[in-house]
Amino acid sequence: MTRRYWLFKTEPSEFGIADLAAQPDGKTRWDGIRNYQARNNLRDLTTPGDGVLIYHSSCREPGVAGIAEICSAPYPDPAQFDPDSPYFDSKSTPDQPRWYSVDIRHRDTLKRVIPPATLKALPDLTEMVLFRQARLSVQPVSEDEWRTIVGLAGAA
DNA sequence: GCCAACGTTGGC
DNA sequence: GCCAACGTTGGC
């Protein structure tokens with residue numbers, strides 16, 4: 001089984017690393033992904049045990065804020081079937097689900113958020129999908145990138 | 001609050 | 001199937 005690494009974007013005013021840490025067992029469902037490319041990554045390529053960088057966006061202190069781990073297989077996002085949910089999708093059916101979720105578990109909250117400018121300044125990280133493709137909320141991170149960022153986090 | 005990037009929608 | 005308009009993302 002190939003281990004992969006990911007970056008998940010989230011707005012901390014909605015759900016940030018502190019919220020994840022506060023969940024029972026540090027676990028939550030990562031739901032509400034409504035972008036096809038992010039969905040494909042989530043549905044087709046995630047595996048339990050994969051590493052996840054939690055990235056805070058649209059906030060005062062954007063950047064990598066913590067580390068988590070995928071702890072379930074992908075499964076249909078229940079919110080797409082719930083008419084009361086903001087993530088409801090009338091075109092989804094249980095037979096033909098359009099959107100997927102995965103469960104993740106908190107592993108680490110960084111002492112300091114690593115801002116995008118710091119990441120971008122490192123030669124090892126200039127090729128990150130983060131800087132090459134806007135608006136992708138579930139994106140792959142290479143093993144080298146992962147090691148570099150986790151190293152930064154440890155030194156922080 | 002600005003504005004660039006870019007995915008989605010909808011008329012044709 | 002094209003493409004302009006529109007809405008959202010997201011750093012600054």
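Below, chain A is the first sequence line, B the second, and so on; all start at residue 1.
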Checklist line | Rounded distance (Å) that lies between atom P of B:dT8 and atom CH2 of A:Trp99 | finding: 7 Å
Note to self: Without decimals, in angstroms, what is the distance between A:Arg98 CZ and B:dT8 C1'?
What the structure shows: 12 Å
Item checked: Side chain A:Arg29, main chain A:Val102, donor-acceptor under 3.5 Å -> no
Notebook entry, point to check: Between the side chains of A:Asn41 and A:Trp6, is a donor N or O closer than 3.5 angstrom to an acceptor N or O?
Noted result: no
Checklist line | SB check A:Arg39 A:Asp77 (cutoff 4.0 Å) | finding: no
Notebook entry, point to check: Within this structure, what is the CG-to-C1' distance between A:Asn35 and B:dA5, rounded to whole angstrom?
Noted result: 13 Å
Note to self: Is a donor from one side chain sitting under 3.5 angstrom from an acceptor on the other, for A:Gln139 and A:Gln37?
What the structure shows: no
Next item on the list: Would you check if there is a donor-acceptor pair between the side chains of A:Asp103 and A:Trp30 at a distance under 3.5 Å?
Entry: no
Checklist line | A:Tyr87 and A:Asp82 side chains, donor-acceptor separation under 3.5 Å | finding: no
Notebook entry, point to check: A:Arg132 CZ to B:dA4 C1': how many Å, rounded?
Noted result: 17 Å
Notebook entry, point to check: When you check the phosphate oxygens OP1 and OP2 of C:dG10, does a side-chain N or O of A:Lys9 lie under 4.0 Å from one of them?
Noted result: yes
Item checked: Nearest-nucleotide pick for A:Pro116, side chain only, options being C:dC12, C:dG10, B:dG7 -> C:dC12
Next item on the list: Could you identify which residues of residues 52-66 of chain A place a heavy atom less than 4.0 Å from some atom of DNA chain C, listed by residue number, or say none?
Entry: A:Tyr55, A:Ser57, A:Ser58, A:Pro62
Note to self: Among B:dA5, B:dT8, B:dG7, which nucleotide has an atom closest to any side-chain atom of A:Tyr36?
What the structure shows: B:dT8
